[in-house]
Every structure is written in structure tokens, then in C-alpha cells.
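Note on naming: letters A, B, ... go to the chains in the order of the sequence lines (proteins, then strands), and numbering restarts at 1 for each one. What you see below is based on every heavy atom in this structure, not just the backbone, and it leaves out hydrogens, waters and symmetry mates.
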2 protein chains.
Amino acid sequence: MATGRTHRPATRSRGIPEATVARLPLYLRALTALSERSVPTVSSEELATAAGVNSAKLRKDFSYLGSYGTRGVGYDVEYLVYQISRELGLTQDWPVVIVGIGNLGAALANYGGFASRGFRVAALIDADPAMAGKPVAGLPVRHTDELESIITDNGVSIGVIATPAGAAQQVCDRLVAAGVTSILNFAPTVLSVPEGVDVRKVDLSIELQILAFHEQRKAGEETTSAQEPAAAAQPRSGAAVRTPAGGRAAGKGPDGDVPAVMPA
Amino acid sequence: MATGRTHRPATRSRGIPEATVARLPLYLRALTALSERSVPTVSSEELATAAGVNSAKLRKDFSYLGSYGTRGVGYDVEYLVYQISRELGLTQDWPVVIVGIGNLGAALANYGGFASRGFRVAALIDADPAMAGKPVAGLPVRHTDELESIITDNGVSIGVIATPAGAAQQVCDRLVAAGVTSILNFAPTVLSVPEGVDVRKVDLSIELQILAFHEQRKAGEETTSAQEPAAAAQPRSGAAVRTPAGGRAAGKGPDGDVPAVMPA
DNA sequence: ATGCCTTTGTGAACGCGTGCACAAAGATGG
DNA sequence: CCATCTTTGTGCACGCGTTCACAAAGGCAT
């Protein structure tokens with residue numbers, strides 16, 4: 001759910017649905033694992049299981065990229081890795097800056113998943129002068145004053161914000177002004193950006209809150225109706241990401257707590 | 001309109017759409033900020049702006065919770081904070097364990113967004129004996145051996161996995177076996193869990209990859225029309241394959257290597 | 001070659017989420 | 001008490017995403 005972008009999927013022939021784009025990295029990871037095990041080809045069924053999705057969905061996703069499979073056989077692993085990488089733009093080098101080198105920023109700087117996917121941490125930036133020069137993940141922390149020059153000098157177009165909420169918008173503005181057009185925001189704030197700038201938000205506490213909701217619902221169901229629709233036998237469905245279809249649905253309230261009292 | 005059997009119970013059937021649940025924390029955050037500023041009431045339009053969503057969507061979301069607004073006035077901030085908190089299950093205490101105290105685990109342990117929302121870090125767990133006892137975020141790190149007892153003793157039902165990918169499934173199995181029914185997974189792996197266990201995944205590199213996709217497309221749009229190599233270019237099986245450490249020279253351009261290693 | 005078997009690619013149906021637009025509900029002022 | 005104004009709550013339509021189901025395509029054995 002990127003905020004920020006408001007216009008058409010544009011590219012008519014190349015109109016890959018957003019939902020599909022979001023799954024491509026998933027496929028890529030599964031394919032990379034297969035590649036390392038020197039598996040030459042893989043069927044949509046196998047790959048779908050490995051990625052935790054439905055096989056029909058996977059085939060349709062791939063169909064947006066082109067016809068890269070062979071009927072009766074499956075997909076060539078290496079070829080598909082290349083195609084998806086290219087589609088995602090991972091065949092080129094993406095310099096990124098991380099702003100806000102606290103616990104989270106340091107964790108991000110050390111995160112192996114970046115470098116291995118074409119992302120190169122161009123610089124770590126922090127507002128604290130005491131941090132300046134201190135090495136984190138092998139890079140010296142730079143002061144915020146240098147933000148603009150770092151971005152222009154390195155041609156950075158992707159910025160990661162890991163600052164406290166209060167500083168996020170200001171940092172965002174400076175990043176955008178300096179030329180950044182994609183932002184990954186870890187600060188718990190709604191960033192406002194001009195047209196043409198993409199923002200993706202990752203909010204750790206929101207994820208937990210969503211889990212708490214479902215957890216509460218599960219706890220409530222035990223006490224009321226043990227009657228569970230018990231969707232078709234699905235022995236060990238891998239994923240469970242996002243609405244697993246057979247999951248909740250016919251819920252029924254936990255228990256009848258209907259307090260009409262206003263605490264205010 | 002809700003899902004499931006349409007009785008017409010005076011109490012609303014709890015068929016809250018998943019998309020709505022995912023936005024409730026967003027509203028809650030905006031409302032909390034208003035509450036701290038002692039704002040008594042807020043209109044759907046104002047709150048929607050603060051939360052970064054459409055006002056109609058916000059009203060519809062709230063309608064699933066009940067009619068908590070006053071026409072012509074808006075919503076009572078305090079009351080709404082309470083209602084959403086209750087709906088999300090944040091009015092109770094949720095003990096959580098964090099497994100894998102690396103950079104990310106430590107960042108999570110220090111993350112303020114947890115404690116302030118009803119989540120209490122019951123324990124930090126790591127497999128490294130050298131970490132045991134070492135204080136992180138004010139808590140002593142416990143060894144993995146204690147995992148089961150910690151969970152049962154504290155009644156933990158939510159677990160956070162911040163281990164390397166290789167250990168994630170094993171940790172997950174142990175968490176589930178010990179009674180955890182909700183898992184927030186930061187490891188880049190598809191976890192397989194039995195029916196009834198919720199898994200939410202946060203993948204830092206996937207978010208960046210999605211940004212890269214849009215970034216690449218933006219860059220391509222500038223030059224107007226796709227200079228994209230029409231799909232036919234690549235020979236089926238032979239070529240494509242990873243160019244070991246190929247050029248990438250000029251930075252831009254659809255060639256270069258393919259990431260060979262999974263992120264740790 | 002021919003026929004069988006496997007697996008892809010996709011047309012079509014369905015369901016969910018989103019946003020518009022408006023009537024109903026309540027506040028407010030005269 | 002009535003008129004007017006504001007804002008909610010929601011019916012409806014539309015578009016996207018998901019899933020099913022199957023014909024077409026290719027491999028393989030005979």
C-alpha cells in the first residue's frame with residue numbers, strides 16, 4: 001500500500017498488477033533457493049508451494065511477464081530468476097541511504113537482504129553529531145548536514161527513513177528535495193510527499209496489533225461456539241499470509257460484550 | 001452485509017473486513033495524537049487526512065464497529081480510542097517473546113511502539129549461549145532451551161521471530177508446540193504452521209524490491225516508450241543464466257549479475 | 001508418427017474493497 | 001418549534017484480484 005502514487009498503472013502493455021509486483025520478490029526468493037540447489041526446472045505447483053501461494057495465481061502472475069514456461073515441463077529456474085530480477089529492476093545497482101541510525105537503522109544497515117539484491121547502502125545518516133564518523137556495518141555514519149550532497153553525489157533515488165516519528169517528515173522533505181523519489185518509511189507517521197514520489201510504510205507495531213485482533217477473536221471463539229466451519233482439509237498450508245480464504249469468515253462475535261458506556 | 005449468516009442481531013455480527021482491521025491501528029495512532037492534544041471531537045474528514053486515507057473509507061470502516069459518531073459533529077476522540085482499542089484487543093496485556101536477538105531483535109526489543117500499545121516483552125530469546133544473561137533493552141537474554149517454559153509460564157500467545165532464515169521454521173515449530181498461536185515473522189522464509197495459527201510476515205528486502213520496480217518504471221517513463229528489450233531476446237535455456245560477475249559497468253542498463261546468496 | 005500424459009496459459013465467474021453520492025440524523029440559530 | 005446547516009452512515013456501482021476449470025501445447029513412449 002504505497003501512498004503517494006496516484007496515477008494509472010500506465011504502461012499499457014507492461015501493465016503488471018500491483019498485487020503481482022508484490023509477489024515477485026517472493027517467487028524470486030524461492031527460485032533463488034532452487035537455483036542454489038541446482039534444480040533445473042520447477043512446476044507452478046511446486047514453486048507455488050515453496051512461495052506459499054496458489055498455483056493458479058502464480059501462473060497468472062507469470063503470464064503478465066510473458067510466456068516463460070514450457071507446457072508439460074514447467075519453468076526454467078535460472079531463466080525465471082533472470083526475468084523476474086530484470087522486471088523488478090534488480091539487475092541494476094540501487095544506491096540507498098538510511099537516515100536515522102538508531103537500533104533499527106543499524107539493523108537495516110546490517111541486513112544482508114539488501115546487498116544481495118542489488119541494493120547498495122551508499123551512506124548512513126544521523127542527526128546526532130556524536131554518531132558522526134562512528135562505523136556501523138562497516139560504514140562511517142555521516143551527519144545530516146551532508147544529506148543533500150550525499151544524495152546528489154551518489155545519484156541516490158531510494159531513501160530509508162528510520163528516524164523517530166517527529167523527525168520523519170522533515171527528513172522526508174529534504175530527501176525529496178534532494179532528488180529521492182522512493183521512500184521506505186519505518187517511522188510511525190503518515191508522510192506527505194509530492195506527486196511522483198512513492199512511499200512504502202513498514203510499521204512494526206501495526207503488525208502486532210493486527211495479530212492481537214485475531215488472537216482476541218480466537219480466544220473469544222473458544223468460549224462461545226466451538227462450532228468451527230473447519231474448512232476443507234488443508235493439512236499444512238504453508239502461507240497464511242493475508243486472508244487465507246478459509247480462515248475466518250463466518251465469525252460470530254467473541255462474546256456478547258456490548259458495553260454502551262462512554263469512558264469519556 | 002457482514003459475512004456469514006445474516007441474522008439480524010441487535011449486536012453487530014463481527015464481520016470486520018481484513019482491510020479494515022489493518023487500518024484500525026492507523027486510526028488509533030491518529031486519534032491518540034489528537035487525544036494528547038486534548039482535542040474533544042474530530043470529523044471523518046479531519047481524521048481521514050491525519051491517517052492518510054479517504055474519508056468515505058474511514059466512515060465505512062467505523063460503521064463496521066458500530067455507530068459511534070454524531071451527525072453534524074463528528075466522533076468523540078476519547079470514546080473512539082477506547083472502542084478501537086477494545087476491538088483490536090489492546091485493552092488487555094499481550095505478553096510477547098522475541099526470538100533471535102541480533103541487530104533486528106534488539107531493535108524490536110527497544111521499539112517503543114510495543115509497550116505503549118498493550119504489548120509487553122516477556123522475554124528475549126537467543127540461541128547463542130554467549131548472549132545469555134546479557135541485558136538488552138533492560139531484559140536479560142534467555143537461552144533457547146528455556147523457550148518452552150518461558151511461553152507456558154507467561155502465557156505467551158504471540159511470538160516474534162527475528163532469527164536468520166535457516167532457524168526460523170524450527171523456532172516457529174517450537175513456539176507453536178509450546179502454545180503460541182500468532183507469529184510475526186521477520187525472517188525471509190515461508191513458515192508453515194498448522195491450522196489456527198496466524199502468521200504475518202514483514203520482509204524488509206521485499207519492500208525495497210517493490211520500490212525498485214516502481215523506480216525503474218519511473219526512470220523508463222522519462223525516456224518515453226519502453227526501450228525494454230522485447231521478451232524475445234533471451235534464448236530459452238542456454239543463455240540468461242547468471243553472468244558470474246559480469247559488467248554492470250555503467251550502472252544503468254538491464255544487465256549485471258543475479259544475486260546468488262540468500263540473505264542471512 | 002501417433003497417442004497419451006503432464007503442465008501451462010487464460011477466459012470467465014466470483015468476491016472483496018473502494019469511492020461516490022445522498023438521505024437521514026442531529027446540532028444550531030432564530 | 002421550525003428552518004438550516006453539518007456530518008454521519010450506507011446503498012450502489014465499479015474495478016481489481018483471486019480462483020476455477022479447461023483447452024492448447026509440448027514432451028515422451030511406443
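Rounded to whole Å, the distance from CG on A/Leu47 to C1' on C/dG9 is 16 Å. Atom CD in A/Glu46 sits about 11 Å away from atom C1' in C/dT7, given to the nearest Å. To the nearest angstrom, P of C/dT10 lies 12 Å from CG of A/Leu65. A straight line from CG of A/Leu80 to P of C/dT8 spans 11 Å, rounded to a whole angstrom. The distance from atom CG of A/Asp76 to atom C1' of C/dT7 is 15 Å, rounded to the nearest whole Å. Summarising the geometry, the separation between NZ on A/Lys57 and C1' on D/dC16 is reported as 13 Å, rounded to the nearest angstrom. Atom-to-atom, CG of B/Leu58 to P of C/dG17 comes out at 16 Å; the value is rounded to the nearest Å. For the pair A/Phe62 CZ and C/dT7 C1', the computed distance is 14 Å after rounding to whole Å.
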Which parts of nucleotides 24-30 of chain D does protein reach within less than 4.0 Å, heavy atoms only, written one letter per nucleotide 5' to 3' as B for base, S for sugar-phosphate only and - for none? BBSS---

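At the phosphate of C/dG9, OP1 or OP2 sits under 4.0 Å from a side-chain N or O atom of A/Tyr75. Note on B/Ser44: a side-chain N or O is less than 4.0 Å away from OP1 or OP2 of D/dT8.
Under the rule for a side-chain hydrogen bond (donor to acceptor under 3.5 Å, both in side chains), the partners of A/Ser44 that lie at least two apart in sequence or sit in another chain are A/Arg59.
Minimum atom distance to the side chain of B/Arg23 is reached by C/dT18, of the listed C/dT18, C/dT7, C/dT10. With distances taken from any side-chain atom of A/Pro17 to the nucleotides D/dG17, C/dG17, D/dT10, the minimum falls on D/dG17.
Judged purely by atom type and a 3.5 angstrom limit, B/Gln169 uses its side chain to pair as donor or acceptor with the backbone of B/Ser192.
Looking at heavy atoms from C-beta onward, A/Leu184 lies out of side-chain contact with A/Val96 at the 4.5 angstrom threshold. Between A/Ile16 and B/Arg217 the shortest side-chain heavy-atom distance does not fall below 4.5 Å.
The side-chain contact (heavy atoms from CB on, under 4.5 Å) test with A/Val176 is passed by exactly one of A/Val199, A/Val171, A/Val197, A/Thr181: A/Val197. Among the candidates A/Tyr27, A/Tyr68, A/Tyr79, the single residue satisfying the ring-ring contact (aromatic ring centres under 6.0 Å, His included) test with A/Phe62 is A/Tyr27.
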At a cut-off of 3.5 Å, list every protein nitrogen or oxygen paired with a nitrogen or oxygen from nucleotides 20-22 of chain C, distance to 0.1 Å.
| residue | atom | partner | partner atom | Å |
| --- | --- | --- | --- | --- |
| C/dA21 | N6 | B/Arg59 | NH2 | 3.3 |

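More than 12 heavy-atom neighbours from other residues, nucleotides or ligands sit within 6.0 angstrom of CD on B/Gln92.
With values rounded to the nearest 0.5 angstrom, B/Gln209 atom CD is found 12.5 Å from A/Trp94 atom CH2.
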Going through the checks in order, is the side-chain hydrogen bond (donor to acceptor under 3.5 Å, both in side chains) test met by B/Asp61 and B/Thr20? CA-CA 6 Å; B/Asp61 283 342; B/Thr20 295; 2.6 Å; yes

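Nearest-nucleotide assignment on DNA chain D puts the 5′-proximal partner with B/Asp61, out of A/Ala19 and B/Asp61.
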